[in-house]
Amino acid sequence: MANETNNFQELISHCKEYGYIFQSSELYDGLAAVYDYGQMGSQLKKNIRDYWWKSMTQLQENIVGIDAAIFMHPTVWKASGHVDSFSDPMIDNKDSNKRYRVDHLIEEYAETLDTQARDSLIATMEKLLAADDMVGVKQLIDENKIKCSVSKTSNWTEVRQFNLMFDTQIGSIAGESDKIYLRPETAQGIFVNFLNVQKTGRMKIPFGIAQTGKAFRNEIVARQFIFRMREFEQMEMQFFIRPGTQKQWYDYWKEERLKWHESLGIPASKLRFHDHVKLAHYADAALDIEFEFPFGFKELEGIHSRTDYDLTRHATFSKKKIQYFDNELNEEGKPFGNYTPYVIETSVGLDRLFLTIMSLAYTEEKWLKEDGSDDSRVVLKIPAMIAPTKLAILPLVKKDGLPEIAKELMNECKGSFMCFYEEKDAIGKRYRRMDAIGTPFCVTIDHQTKEDNTVTIRYRDDMRQERILLKDVKKLVLEKLI
RNA sequence: GCGGAAGUAGCUCAUUUGGUAGAGCGGUAGCCUUCCAAGCUUCAGGUGGCCGGUUCGAGCCCGGUCUUCCGCUCCA
């Protein structure tokens, strides 16, 4: 095509206009950083999820899937480290508008004091933080006249606790003991089920457990459309391995996952690895697979070498033994024996992958018609394999028996893939509508169909048309969906 | 969370000092039967984001609030 453009703002509008994504509760002016998937979007999202699920379970002989609940025992999040490290007390300076983590602010100030005063201050701070005494922490800042490094003033807001986990109550009596969290990651559902799956599935290491599902984070700033939402869906797999082999498996999954993204039609030039410099508390290696979004290279999937951190922590907190007996023989001819498996995690953001697919698919095309006038279209070049609607069935006119033939074809195909029937408006207009929602194939039944049982199939991406036998339509579409 | 900007029909936008809110596209129903949106006719969409204030009168002025965008901050 002569002219193609790709614009993020246009994409967002398009997603709404054609039923892909709506803002949550839009009727009530919306809810920040929460979005709903519409009639087209939910199907595309499902198709992406299904593709992932198939490639991670059905096509893998040593990976099985589970579906753990969102609600989990509160101690899970103590064991995982989220209760302690997922919340930060913050304070803002009203003059410079600079925000500080309170502990960092006080520690920085403490560095300027002599040893004795410093240790005393830090100890006081830690005591107050441990007791969640935010008023006391604020007093401590005031008493020490700690100043902002930018504005040099002590004009502070109150200390506020930003816990990234949402909580709610379970049971009929509200109280601290009933507080449960909405999971901030799906991974823990797999770790706490490690023994269940390993034993009932008679799994042998190395093996993996896959899962897709919602997770929730109370992000302070959530932006960039569905890139960072408060409620989002993860597709992740935890791969359990023998200690010492983590480097090898980390490298294996890193390459496998990159290849997988490329299999979805994502160009290699728009994907890259980004190694984490600062590692999370549980990891001994971590990287992101980044995609070049319209707003820059950002994380699409994380690959983490989580060591035995999670299983060990759950063993400690639950006071249960979480180990695996490895019957395979080592170099000395003896079984590897009992150990706590190491874990390689692959975790994709389904919503981010959705955004990736859409930002690649969204295309505005302009060209000159034969008579010299302008023509244009907006087309979603979603890979046929995951497109929400696969085939549009269009009688050229709505009389002369053409709709009857079309409906017969509809009945033949709709059991095998998503079809769309439309008999209104000029054929060109209908093609444009199908372009806009990303339907890869359109079949038009015309008067010639009645004579020789052929139809026109029209391809979305290049608008090419060819004449095929009516009876071959279903087979041809099915072939193109692989 | 802070600062800046914005919010009028599904979309893109008008409404020149405050005086009854319009158009194009899109949608609907029909005509026409045409293989790439373009003809004709019909109809339906807005308490001007929401709440309050000033005023005889507010889409327009003021305050608050919600949402979005940009920058900062944050993102175990």
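Letters A, B, ... mirror the listed sequences (proteins, then strands); counts begin at 1.
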According to the Watson-Crick and G-U wobble definitions, with both distances under 3.5 Å, which nucleotide is paired to B/U8?
-> none
Across all strands shown, which nucleotide pairs with B/G3 by Watson-Crick or G-U wobble geometry, both distances under 3.5 Å?
-> B/C70
Whole Å only: how far is the CD atom of A/Glu364 from the P atom of B/C11?
-> 17 Å
A/Arg352 has an atom CZ; how far is it from atom C1' of B/C75, in whole Å?
-> 9 Å
Write down the distance separating the C1' atoms in B/C72 and B/U54, rounded off to the nearest Å.
-> 36 Å
Write down the distance between NZ (A/Lys16) and P (B/U68), rounded to a whole number of angstrom.
-> 13 Å
Knowing that exactly one of A/Phe354, A/Tyr35, A/Phe293 qualifies, which makes a ring-ring contact (aromatic ring centres under 6.0 Å, His included) with A/Phe225?
-> A/Tyr35
Of B/A37, B/C11, B/C35, the nucleotide closest to the side chain of A/Tyr431 is B/C35
Rounded to whole angstrom, note down the C1' distance from B/G27 over to B/A37.
-> 14 Å
Quick check: are there more than 12 heavy atoms from other residues, nucleotides or ligands sitting under 6.0 Å from CD of A/Glu408?
-> no
In terms of side-chain heavy atoms of A/Arg432, which of B/C36, B/U12, B/U68 is nearest?
-> B/C36
Of the nucleotides B/A38, B/A29, B/C11, which has the atom closest to the A/Asp375 side chain?
-> B/A38
Could you give the distance separating B/C70 and B/A58 at their P atoms, to the nearest angstrom?
-> 36 Å
Whole-angstrom distance between B/G53 and B/A14, as gauged at atom C1' = 28 Å
Rounded distance (Å) that lies between atom C1' of B/U33 and atom NZ of A/Lys429 = 15 Å
Atom pair distance, as rounded to whole Å: OH in A/Tyr18 and C1' in B/G26 | 8 Å
For A/Gln238 and A/Ile209, indicate whether the former's side chain and the latter's backbone hold a donor-acceptor pair under 3.5 Å.
-> no
For B/G22 and B/G4, measure between their C1' atoms and round to the nearest Å.
-> 31 Å
Which way is the base of B/G45 turned, syn or anti, if we draw the line at 90° from 0?
-> syn
A/Gln23 side-chain proximity, nearest of B/U68, B/C35, B/C31 | B/U68
Considering only the P atoms, how many Å lie between B/G7 and B/C75, rounded to the nearest integer?
-> 33 Å
Residue that, paired with A/Asp435, satisfies side-chain hydrogen bond (donor to acceptor under 3.5 Å, both in side chains) out of A/Lys381, A/Arg377, A/Arg430 = A/Arg377
Please work out if A/Glu26 contacts a base, only the sugar-phosphate, or nothing of the nucleic acid, heavy-atom cut-off 4.0 Å.
-> nothing
Tell me: CD of A/Glu365 to C1' of B/C36, nearest whole Å?
-> 12 Å
Mind checking who B/A21 pairs with, Watson-Crick or G-U wobble, both distances under 3.5 Å?
-> none
Taking atom P of B/C31 as reference, at what distance in whole Å does atom CG of A/Asp425 sit?
-> 12 Å
Mate of B/G63 across any strand shown (Watson-Crick or G-U wobble, both atom pairs under 3.5 Å) is B/C51
Nearest listed nucleotide, side chain of A/Arg228, among B/C75, B/U33, B/G27 | B/C75
Nearest-Å distance once atom P is located in both B/G10 and B/U28 | 15 Å
For the side chain of A/Lys424, starting at C-beta, report the closest nucleotide among B/C36, B/U28, B/U33.
-> B/U28
Comparing A/Ile445 and A/Ala426 on RNA chain B - which has the more 5′ nearest nucleotide | A/Ile445
Record whether the side chain of A/Ser13 comes under 3.5 Å of the base of B/C11 through a donor-acceptor pair of N or O atoms.
-> no
Pick base, sugar-phosphate or nothing for A/Arg458, based on heavy-atom distances below 4.0 Å to the nucleic acid.
-> base
Does A/Arg433 make a side-chain N or O approach to OP1 or OP2 of B/C36 shorter than 4.0 Å?
-> no
Look at atom CZ of A/Phe71 and say whether more than 12 heavy atoms of other residues, nucleotides or ligands are closer to it than 6.0 Å.
-> no
Upstream residue (5' side of RNA chain B) when A/Glu422 and A/Thr449 are each assigned their closest nucleotide = A/Glu422
Spacing between A/Glu10 atom CD and B/U68 atom P, to the nearest angstrom | 19 Å
If you check every side-chain atom of A/Leu396, which of B/C35, B/U68, B/U33 has the closest atom?
-> B/C35
Within the distance-only criterion (no hydrogens, no angle test), does the side chain of A/Arg460 pair as donor or acceptor with the backbone N or O of A/Gly438 below 3.5 angstrom?
-> yes
A/Asp446 side-chain proximity, nearest of B/U68, B/C35, B/C36 | B/C35
Under 4.0 angstrom, heavy atoms only, what part of the nucleic acid is A/Arg467 near: base, sugar-phosphate, or nothing?
-> base
Partner of A/Val443 under side chain to side chain contact (heavy atoms under 4.5 Å, CB included), picked from A/Val477, A/Val455, A/Thr456, is A/Val455
Does a donor on one side chain and an acceptor on the other come within less than 3.5 Å for A/Gln39 and A/Tyr20?
-> no
Please give the nucleotide sitting opposite B/A58 as a Watson-Crick or G-U wobble pair, both distances under 3.5 Å, or none.
-> none
Span that lies between the C1' atom of B/U47 and that of B/U20, in whole angstrom | 14 Å
